[in-house]
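A short write-up of the structure that comes next.
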2 protein chains.
Amino acid sequence: MAATIKDIAQRTGLSLGTISKYLNGGKVREKNRLQIEKAIKELDFHINELARGLKTSQSKTIGIIIPLLDNYFCMNLMSYAEKYLSAFGYSVIVCNYREDPEVEKEKISLLTQRQVDGFIIVPSGETVDEIRDLCGRLPVVLVDRLLPDVECDAVVINNAEISFQVVETLIKRGHRRIAIICGPKRMTTARERLDGYLTAFSKYRLEADRQFIRFSDYYLESGYRICGELLDLPLPPTAIFATNYDITLGVIRRVNEAGLRIPEDLSLIGFDNLPFFQVLTSEFSIVTQPMEEMGEKAAQLLVDRLNGRSAAARVISLKAELVMKHSVS
Amino acid sequence: MAATIKDIAQRTGLSLGTISKYLNGGKVREKNRLQIEKAIKELDFHINELARGLKTSQSKTIGIIIPLLDNYFCMNLMSYAEKYLSAFGYSVIVCNYREDPEVEKEKISLLTQRQVDGFIIVPSGETVDEIRDLCGRLPVVLVDRLLPDVECDAVVINNAEISFQVVETLIKRGHRRIAIICGPKRMTTARERLDGYLTAFSKYRLEADRQFIRFSDYYLESGYRICGELLDLPLPPTAIFATNYDITLGVIRRVNEAGLRIPEDLSLIGFDNLPFFQVLTSEFSIVTQPMEEMGEKAAQLLVDRLNGRSAAARVISLKAELVMKHSVS
DNA sequence: ATGCCAACATGAAACGTTTCATTTTTTGAA
DNA sequence: TTCAAAAAATGAAACGTTTCATGTTGGCAT
């Protein structure tokens, strides 16, 4: 149905090779160029990237695999990665594995079949072997989380450091009963953020109280539930550090329901999503990840590798920031 | 490098045709099936979807074109569309045109080259001709906004109706100076939401005041700015209807800065993103679009059409809901 | 005019599948 | 056992490109 290179060749009386050369930016005699351009217009010719990809074994396509799509972090990541990649002619196929490692595996396999040229993955942490294999075959960039014994490019943030800073700030302001709500234990992010917490406590020669250390998944409901548990303790915490956006929302909701005020009754340090926090009246601080930069860097690492630059695996660690309420424009 | 069907054929001593038949679910003699499966394992064979697509002229790929990626509405749309589509074996290529109609055109063309089997588009409204053309060639589903003289499937919400309901509620509560902050004038959503506003006023035989009717783009900053302008009026509104999520955020921020309380000093009805609003302490109501359903329906319309079902263009209008604060679980 | 060289054009083969008309094998009823 | 019909396998052609070794041209110096 659609016009092909052959039709252009026929109509111009030129050969396939010439048309192909023109389409790929090669030199072509002036009068031929005009003819070709005319034919392309008239036939509304679009090159078939499937055929091209088959021949060149490059699909010019990147697979992005993420645990959640309706999630502030992931959407920012995608947004900026897509922007960078499309400037280099790559399209993005998006795969949402809904936190299900089995689906994650399927998606990896699916994208392999689709001949993507590379991957950007926010891994579940339970598909280590599959991703290790993958790295051997194709360029892969991990984002947010590292995997044990997987050597590949990655973009992460200084989790331990920023967490230390958060807790130190709280300690300096006199807090002693400080709770932290982490993500799932198996994730490096969760463990690192906890490390920072513990380091701060030991630096100030304080004893960390295990009942204030909670693991969860990264959902609003967990934040809500765990916050409730914390508030119900005989001696509840005076400060809570919520380590992602959804947990933060859950905590706020629970605190509101309990009729407590922030920061008068409870201090809170939250995570992510600046626009949201700018709008709240309660006074609390948040940790912001440079999500745009993370997306962009991930894309950049990938493009570099696709272009054959960079040999050894590079892990880029970006700096998260502790933003005090109203210190933001 | 990677194993192909040929390698499988060679290793099993069978012919290409047989392998292909097996891969496509055809019947194959038991002992051959075993051999084939063994060879596939051993060679780590993955079918090359590029080659398959070239031959079948079906890429099993859908293009989703949206104005913004880091946007709650679009993310939800994508999320649910992807979920539905992937159940039917379709992958999703995502294109963000950053509200730039020129980029939108390029993306349409790019995806055409990539041989996508269909499109889901949230159009800018300024590429009517291109999209009309496109509809003639491929299945297209429009989401959120319709286009003049473009006959194709679409999923929208009852904008006028819900807007009427919002304004009527406000009027019944005694408000007379009611402001509405719409999106860009050229968009059907903005115009329809205004229509509902005007209808409510005329039903109650009230005169609509043009200074309370504002158009903007759909960004937080505009909400912020326009809210400021409204508050600075000699007789400012007593209620504001913000017609999308980001505008709502902007309004809240401006209102907070002005030291006004909601709803004591100003009533506000906002839009979208339930989780966020559940967390606020101020009392106000919001309009929620059934985003999940929109994404799913869009995907469903598309799949139906790809399967040759459904002849005439179908426009599905879903119901947005007015949710009163605390009436939500 | 002649010959040469660079610049461009040509056309067949290849990429990894599917398809389909043919041929081969299997099955089971007589 | 035989044979026809059913079931399965075969292999060549095709999908729309790119590539590359070979052929053809035009322009320039002699």
Side-chain angles (χ1 to χ4, degrees), chain A residues 1-37 39-40 43-61 89 91 109-117 137, chain B residues 1-37 39-40 43-61 89 91 109-117 137:
Chain A
M1 196 77 266
T4 78
I5 250 190
K6 256 182 211 155
D7 301 317
I8 306 289
Q10 213 152 17
R11 186 173 270 241
T12 57
L14 295 165
S15 73
L16 290 188
T18 307
I19 314 294
S20 173
K21 199 207 279 185
Y22 167 83
L23 289 173
N24 291 287
K27 276 211 177 307
V28 156
R29 252 189 271 286
E30 182 67 5
K31 77 175 205 302
N32 293 342
R33 210 201 74 215
L34 294 172
Q35 273 189 289
I36 295 177
E37 283 168 356
I40 288 182
L43 300 177
D44 189 33
F45 167 80
H46 291 270
I47 214 170
N48 183 330
E49 295 285 350
L50 250 43
R52 171 183 276 179
L54 173 59
K55 191 60 195 159
T56 60
S57 41
Q58 277 204 76
S59 63
K60 280 291 184 177
T61 278
S91 291
S109 165
L110 176 74
L111 289 174
T112 305
Q113 290 194 178
R114 288 200 180 285
Q115 312 292 119
V116 297
D117 296 335
R137 288 182 277 133
Chain B
M1 196 78 263
T4 78
I5 251 189
K6 255 182 213 155
D7 301 318
I8 305 290
Q10 214 153 16
R11 185 173 271 241
T12 56
L14 295 166
S15 74
L16 291 188
T18 306
I19 315 294
S20 173
K21 199 206 280 185
Y22 167 83
L23 289 172
N24 291 287
K27 277 211 175 308
V28 156
R29 253 188 271 286
E30 183 67 4
K31 77 175 205 306
N32 292 341
R33 210 202 73 215
L34 294 171
Q35 274 190 289
I36 294 177
E37 284 169 355
I40 287 181
L43 299 177
D44 188 33
F45 168 79
H46 290 270
I47 213 167
N48 182 331
E49 295 284 349
L50 251 42
R52 171 184 275 179
L54 173 60
K55 189 60 196 163
T56 61
S57 41
Q58 277 204 81
S59 63
K60 280 290 184 177
T61 278
S91 291
S109 167
L110 175 75
L111 290 174
T112 305
Q113 291 194 177
R114 288 201 182 284
Q115 311 293 118
V116 297
D117 296 335
R137 287 183 277 133

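Letters go in sequence order (proteins before strands), and every chain restarts at 1.
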Take atom [atom1] of [X] and atom [atom2] of [N], then tell me their distance rounded to the nearest Å.
X: B:Leu14; N: D:dG11; atom1: CG; atom2: P; result: 11 Å
X: B:Ile5; N: C:dA14; atom1: CD1; atom2: C1'; result: 16 Å
X: A:Arg52; N: C:dA14; atom1: CZ; atom2: C1'; result: 17 Å
X: B:Lys55; N: D:dA14; atom1: NZ; atom2: P; result: 9 Å
X: A:Ile47; N: D:dC15; atom1: CD1; atom2: P; result: 17 Å
X: B:Ile8; N: C:dT18; atom1: CD1; atom2: P; result: 12 Å
X: B:Leu54; N: C:dT18; atom1: CG; atom2: P; result: 11 Å
X: A:Gln58; N: C:dC15; atom1: CD; atom2: C1'; result: 14 Å

5'-most by nearest nucleotide on DNA chain D - A:Ala2 or A:Gly17:
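The residue mapped nearer the 5' terminus is A:Ala2.
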| salt bridge (Lys or Arg N to Asp or Glu O under 4.0 Å): pairs with one or both residues in residues 45-59 of chain B, sequence neighbours excluded |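 Counting only pairs at least two positions apart or across chains, the salt bridge (Lys or Arg N to Asp or Glu O under 4.0 Å) contacts touching residues 45-59 of chain B are B:Glu49-B:Arg52.
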Shortest non-hydrogen pair, B:Ala9 vs B:Leu16, comes out as CB-CD2, 4.0 Å
Correct closest heavy-atom pair for A:Arg114 and B:Ser91 would be NE-OG, 2.6 Å
Rounded to 10°, the helix from C:dA1-D:dT30 to C:dA30-D:dT1 deviates from straight, judged by its five-pair end axes, by 40°
Does any non-hydrogen side-chain atom of A:Asn48 lie less than 4.5 Å from one of A:Thr4? no
(message) Less than 4.5 Å apart, side chain to side chain, heavy atoms only: is that true for A:Ile8 and A:Ile36?
(response) yes
Taken to the nearest 0.5 Å, the spacing of A:Ile40 CD1 from A:Ile5 CD1 works out to 8.5 Å
Check: Roughly how far, to the nearest 0.5 Å, is the NE2 atom of B:His46 from the CD atom of A:Gln115?
Finding: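 It is 9.5 Å, given to the nearest 0.5 Å.
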Pick base, sugar-phosphate or nothing for A:Leu50, based on heavy-atom distances below 4.0 Å to the nucleic acid.
nothing
- Message: Test your reading of the model: is there a side-chain donor-acceptor pair from A:Arg11 to the backbone of A:Gln35, 3.5 Å cut-off?
- Response: no
Ordered by number, residues from residues 18-37 of chain B within less than 4.0 Å of DNA chain D (heavy atoms) are B:Thr18, B:Lys21, B:Lys27, B:Val28, B:Arg29, B:Asn32
task: Give the C-alpha distance, both sets of side-chain angles, the deciding distance and a yes or no for side chain to side chain donor-acceptor pair (under 3.5 Å) between A:Ser109 and A:Thr112.
output: CA-CA 5 Å; A:Ser109 165; A:Thr112 305; 5.8 Å; no
Problem - Below 4.0 Å: OP1/OP2 of C:dT10 and any side-chain N or O of A:Ser15 - result: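 Indeed, a polar side-chain atom of A:Ser15 lies that close.
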The nucleotide from D:dT10, D:dG16, C:dA9 with an atom nearest the side chain of A:Asn48 is D:dG16
